[in-house]
Visitor: 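Sharing a structure with you now.
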Amino acid sequence: MNKPLGVTVIRHIVDSQRLHPEATGDLSGLLNELVVAGKTISAEVNMAGLADILGMSGKTNIQGEKVQKLDEFANNTIKKRMARCGYLCVMTSEEEDDVIPVADGYEGKYTLAFDPLDGSTNIDVNVNIGTIFSVHRRRTPGGQGSKEDMLQRGRDQVAAGYILYGSSTMLVFTTGDGVQGFTLDPSVGEFYLSHPDIRTPERSKYLSINEGNRNYWPENVRGFVDLLKEKDQEKGRPYSCRYIGSLVADFHRNLISGGIFIYPRDSKNPKKPYGKLRLLYEAAPLAMLIEQAGGRAITDDGINILDIEPTDLHQRVPLIIGSKLDVDEAEGFLR
Ligand code: AHG
Ligand code: MN
Ligand code: MN
């Protein structure tokens with residue numbers, strides 16, 4: 001039986017390029033290289049239990065977190081492939097202290113910030129993990145890029161997305177014309193369009209927050225979370241609590257079904273007063289995606305994530321992200 005003609009990532013990009021005759025195809029080429037990196041990581045993630053790749057690498061990263069072998073594999077896979085893709089002038093990774101140069105002679109017009117493997121604590125227990133990426137246009141005129149090219153507002157991203165390694169491997173991304181979801185057919189090695197023009201429900205179904213940190217949250221955050229737990233027939237509250245511990249997996253479930261994810265600032269670690277999540281390669285790309293899908297993303301003092309001017313590659317921000325009506329309510333309550 002002939003398989004239905006699936007819309008591949010390239011086919012989708014070429015089709016959408018017809019709407020932008022000015023497009024040079026560089027962004028498409030960049031995304032396609034990222035897809036190849038994602039397929040490579042997916043194959044490794046799916047074999048991790050069998051290959052000797054689970055467990056710790058014995059190193060720690062700039063975040064002071066123990067680097068798992070798969071983190072390292074994912075980081076190296078993306079770095080090596082993207083350094084020679086010809087579309088980038090500089091990169092930043094959660095796993096690297098400073099910016100990552102591209103190969104000499106391969107400098108291009110975009111920048112890439114990425115979390116090679118989000119949800120590392122879930123690697124060894126077979127729970128969904130993912131890769132998150134964010135693309136900007138370079139600011140410096142030419143040659144190798146610099147930190148100046150990396151430190152740009154989320155509002156100025158040209159593309160953002162993630163690859164989710166779960167019961168199936170999915171690619172979800174936006175280039176500013178809505179959010180598209182693709183599912184990998186491992187028998188063919190192709191991503192096919194499975195979730196065109198994703199729109200997130202304007203009211204949540206799920207509340208995602210690590211309640212274990214409750215005693216460290218600011219008072220007003222505790223108050224808002226308690227409000228979400230009060231019975232409110234009209235708003236469908238109290239919501240079900242779902243927290244996977246992989247931001248990308250919690251985000252994806254909420255994107256599709258409706259939800260509000262909260263990682264507020266906490267007093268747990270004086271060195272990390274703004275919570276755990278990083279702006280450049282976690283909060284900002286997901287904020288572009290959620291806005292493109294009809295939702296919102298703010299900090300726990302009501303600032304739009306996309307409007308924050310970054311000052312450091314690895315700066316952390318409190319994050320409230322998800323269904324529009326609930327994030328609107330959070331903004332009013334917390335301001
Ligand atoms: P990473 O594995 O890239 O460091 O990210 C982990 C993050 C995020 O994925 C998740 O939402 C959060 O850590 C969970 O943190 P807690 O365990 O403190 O809830
Ligand atoms: Mn992460
Ligand atoms: Mn990570």
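All ligand and atom numbering here is 1-based and tracks the order in the structure.
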Visitor: With heavy-atom distances below 4.5 Å as the criterion, would you say the side chains of V9 and I13 are in contact?
Guide: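 V9 reaches I13 side chain to side chain.
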Visitor: Please examine the side chains of S194 and M170, heavy atoms only from C-beta on, and report whether any two atoms are closer than 4.5 Å.
Guide: yes
Visitor: Knowing that exactly one of K59, R278, K276 qualifies, which makes a salt bridge (charged side-chain N to carboxylate O under 4.0 Å, His left out) with E65?
Guide: R278
Visitor: Which protein atoms of type N, O or S are found under 2.8 Å from the Mn ion (ligand 3)?
Guide: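 Near the Mn ion (ligand 3), below 2.8 Å, one finds E94 OE1, D115 OD1, L117 O.
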Visitor: If we only consider heavy atoms of R278, is any one of them less than 4.0 Å away from an atom in ligand 1?
Guide: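 Heavy atoms of R278 do come under 4.0 Å of ligand 1.
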Visitor: For atom 10 (C) of ligand 1, which protein heavy atom lies nearest, and how many Å away is it?
Guide: G245 O, 3.3 Å
Visitor: For atom 11 (O) of ligand 1, tell me which residue out of I129, L247, I244 has the closest non-hydrogen atom.
Guide: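 It is L247 whose heavy atom sits nearest to atom 11 (O) of ligand 1.
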Visitor: What about H12 and F182, are their ring centers closer than 6.0 Å?
Guide: yes
Visitor: Please identify which atoms of ligand 1 are closer than 4.0 Å to at least one heavy atom of S246.
Guide: 9 (O)
Visitor: Which protein non-hydrogen atom lies closest to atom 3 (O) of ligand 1, naming both residue and atom, and how far is it?
Guide: D115 OD2, 2.9 Å
Visitor: For atom 18 (O) of ligand 1, grab the closest protein heavy atom and report residue, atom and distance to one decimal in Å.
Guide: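 Answer for atom 18 (O) of ligand 1: Y263 OH, 2.7 Å.
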Visitor: If you have a sec, work out which protein heavy atom is nearest atom 5 (O) of ligand 1 and how many Å separate them, to one decimal?
Guide: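 Result for atom 5 (O) of ligand 1: D118 OD1, 3.0 Å.
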Visitor: Do R253's NZ or CZ and the ring of Y206 fall within the cation-pi criteria of under 6.0 Å and 45°?
Guide: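 Yes - R253 lies over the ring of Y206, closer than 6.0 Å to its centre and within 45° of its axis.
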Visitor: Tell me which part of E94 gets within contact of ligand 1: side chain, backbone, both or neither, using heavy atoms under 4.0 Å.
Guide: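 Just the side chain.
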Visitor: What's the spacing between S134 OG and L279 CG if we round to 0.5 Å?
Guide: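 The distance works out to 9.0 Å.
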Visitor: Relative to ligand 1, is N210 under 4.0 angstrom through side chain, backbone, both or neither, heavy atoms considered?
Guide: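 Side chain only.
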Visitor: Got an N/O contact under 3.5 Å between G119 and ligand 1?
Guide: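 Right, the criterion is met.
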Visitor: Of all the heavy atoms in L117, does at least one lie under 4.0 Å from an atom in ligand 1?
Guide: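 Contact check L117 vs ligand 1: positive.
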Visitor: Could you tell me whether D300 and R265 have a side-chain N and a carboxylate O separated by less than 4.0 Å?
Guide: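 Result for this pair is yes, salt bridge flagged.
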Visitor: Do P196 and Q180 come close enough that some side-chain heavy atom pair is under 4.5 Å?
Guide: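 P196 vs Q180: side chains touch.
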Visitor: Among L280, V90, L88, which residue meets the side-chain contact (heavy atoms from CB on, under 4.5 Å) test with T111?
Guide: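 That would be V90; it is the only one of L280, V90, L88 passing the side-chain contact (heavy atoms from CB on, under 4.5 Å) with T111.
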Visitor: Measure from the ring center of H252 to the ring center of Y162 and say whether it is less than 6.0 Å.
Guide: yes
Visitor: Decide whether the shortest distance between a heavy atom of E282 and an atom of ligand 1 is less than 4.0 Å.
Guide: yes
Visitor: To the nearest 0.1 Å, how far is atom 13 (O) of ligand 1 from its closest protein heavy atom, and which atom is that?
Guide: K276 NZ, 3.1 Å
Visitor: Under a single-linkage rule joining Ile, Leu, Val, Met, Phe, Trp and Tyr whose side-chain heavy atoms are separated by less than 4.5 Å, which residues share a cluster with I262?
Guide: L207, I209, W217, V221, F224, V225, L227, L228, Y239, I260, I298, I320, V327, F333, L334
Visitor: Considering only non-hydrogen protein atoms, determine which one is nearest to atom 14 (C) of ligand 1 and report residue, atom name and distance to 0.1 Å.
Guide: Y243 OH, 3.4 Å
Visitor: Flag the pair I321 / I305 as yes when at least one side-chain heavy-atom distance between them is below 4.5 Å, and no otherwise.
Guide: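 In short, these two side chains do not touch, never coming nearer than 4.5 Å.
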Visitor: In a check of salt bridge (charged side-chain N to carboxylate O under 4.0 Å, His left out) between E329 and each of R237, R296, R335, which one passes?
Guide: R237
Visitor: So does S42 get a backbone contact from the side chain of N46, meaning a donor-acceptor N/O pair under 3.5 Å?
Guide: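 Yes; judged by distance alone, with no hydrogens or angles, the pair exists.
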Visitor: Looking only at N, O or S atoms, find the one in E282 nearest to the Mn ion (ligand 2) and name it.
Guide: OE2
Visitor: Would S120 count as a polar contact of ligand 1, with the cut-off being nitrogen or oxygen pairs under 3.5 Å?
Guide: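 Such a contact does occur with ligand 1.
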